[in-house]
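Encoded as structure tokens, the structure appears first; notes follow it.
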Amino acid sequence: MKVRLAKTAGFCMGVRRAMEITLSEVNKGDGKLFTYGPLIHNRQVLDLLRSKGVDVKEDIEAHDKGRIVVRAHGITPTERKAIQRSDFKIIDATCPRVAKVQGLIKQYDTKGYTPVIFGDAHHPEVIGLMGYSQGQGIVISSAEDVTTLPEEKRFVVVSQTTQDVDTYKEVCSAIKARFPEAVIFDTICDETYRRQKEVRSLAAQVDSMVIVGGHKSGNTMRLYQIARSTGKPAFHIETEGELKDSWFSSAGTVGVTAGASTPNWMIKKVIERLRTMGKRKQSFASLLTKGYQFLVKTSIPDAVGAFSLTYAGLILYRGSSPLIYPLLTMLYVYGMHVLNRFLDKEASRYNDPGVALFYAQHKVFLIGTALSGLGGGIIISLYLGLPQFLLFLALTILGLVYSIPIIPWRLGYLGRYAKIKDLPGSKTMAEALAWGTISSLL
Ligand code: SF4
């Protein structure tokens with residue numbers, strides 16, 4: 001089945017920024033790291049953070065200490081003061097666009113306006129915004145709620161940043177009709193606006209829509225409702241495991257989008273799974289594409305590249321090339337690439353879930369061929385002589401420790417570079433060094 005991914009799918013700027021701030025704090029080692037409430041509404045991301053030692057703190061107590069990340073949704077001034085009274089160091093990841101809405105409420109509140117917030121009263125962002133209204137704010141969730149607003153007030157109107165654009169327009173019209181003096185701000189985030197607009201246009205071009213994101217994520221649920229309102233079959237899933245073949249039995253093309261708290265690696269997993277579902281046309285072109293994708297994922301093109309490089313180098317240098325040398329380089333590069341994928345499964349899982357899935361599915365074949373390749377390389381290098389054998393062995397050991405932790409995490413700053421691959425730019429340097437050494441010295 002063909003899959004079309006929305007350009008706006010996945011983390012918004014505020015969530016991406018909060019994740020980056022949190023992950024950059026992980027390795028600093030300045031005391032235990034917490035997030036104040038779940039960083040985002042996504043179970044898989046929370047599991048990932050927990051695996052890195054980041055815990056969720058819901059209540060602040062006086063004796064608490066360590067570091068605490070304020071999430072993109074922001075917090076109330078009262079909560080901020082409670083954190084400041086404790087021994088926590090605040091790492092503020094409040095989204096700048098949310099902070100702007102907080103500032104508007106504070107500014108108009110001091111001028112005597114009553115803030116009206118369009119949104120979900122239980123959402124952390126709205127709870128945070130309410131905190132800036134000195135308890136005077138009113139939360140509404142529909143145009144009908146405007147009839148419940150008290151007559152005598154002067155209102156300033158804002159929206160939760162991820163609310164539905166069309167419903168907010170209806171709310172604003174109803175408020176203007178009843179309170180012509182009301183000051184209204186369009187605080188729905190541009191990213192939300194573009195994401196919702198794209199769902200409508202994408203749904204018109206596909207047979208069905210899949211919306212990826214947490215079942216408790218409000219902005220994901222709104223995307224799902226918008227997709228459904230277009231009349232196309234729409235499905236809200238959290239992981240690829242929830243997809244059902246029966247949903248796509250007659251679908252040729254499916255559109256995919258995702259909420260602002262859905263990481264790319266989860267979207268990629270869903271896309272990989274969808275590609276194997278629905279109506280399948282086994283054209284020659286699709287078979288070619290599959291074959292090409294198989295080759296790319298196996299690192300065979302890298303190995304062939306190494307073979308060609310050595311061959312060309314020897315022709316240029318010596319005028320001829322016995323095939324045994326390029327073969328040795330090819331076996332080394334293939335074995336190292338494949339084994340390092342397995343040794344660093346965690347990175348592939350998040351950076352390239354499609355490749356991680358491929359490696360899990362073809363584990364026996366890939367490990368078998370990689371070990372055979374390296375074994376063959378050892379035999380060939382022995383045949384070439386002792387120096388070649390020792391060099392091949394040294395490079396193989398170096399290649400294997402590339403993805404293995406060699407410095408304990410507890411060594412603070414140094415622990416940030418537990419593996420050679422953690423050094424900035426090490427991948428490019430290590431690959432160039434290994435290719436250069438193996439293809440020239442042997
Ligand atoms: S949706 Fe917009 S305002 Fe809300 S956190 Fe994301 S970037 Fe910030």
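The shown structure was predicted, so the numbers you read here are calculated from the model rather than taken from an experiment. Just follow the structure's listing: the first ligand is 1, and inside any ligand the first atom is 1.
- In this structure, the protein non-hydrogen atom closest to atom 6 (Fe) of ligand 1 is Cys12 SG, 2.3 Å.
- A ring-centre distance under 6.0 Å is found for Phe358 and Phe294.
- Under 3.5 Å, the side chains of Thr8 and Glu198 contain a donor-acceptor pair of N or O atoms.
- For the residue pair Gln196 / Arg222, no side-chain donor-acceptor distance below 3.5 Å is found, with atom types taken as modelled.
- Nearest residue to atom 4 (Fe) of ligand 1 from Thr161, Thr187, Thr162 is Thr161 (criterion: closest heavy atom).
- Scanning all protein heavy atoms for the shortest distance to atom 7 (S) of ligand 1 gives Gly14 N, 3.3 Å.
- Closest protein heavy atom to atom 8 (Fe) of ligand 1: Cys95 SG, 2.3 Å.
- In summary, the aromatic rings of Phe88 and Phe34 are positioned with their centroids under 6.0 Å apart.
- Within a 6.0 Å radius of NZ in Lys297, other residues, nucleotides and ligands contribute more than 12 heavy atoms.
- The nearest heavy-atom contact from the protein to atom 2 (Fe) of ligand 1 is Cys189 SG, 2.4 Å.
- Shown in contact with Arg97 at under 4.0 Å from a heavy atom are these atoms of ligand 1, numbered in order with element: 3 (S), 7 (S).
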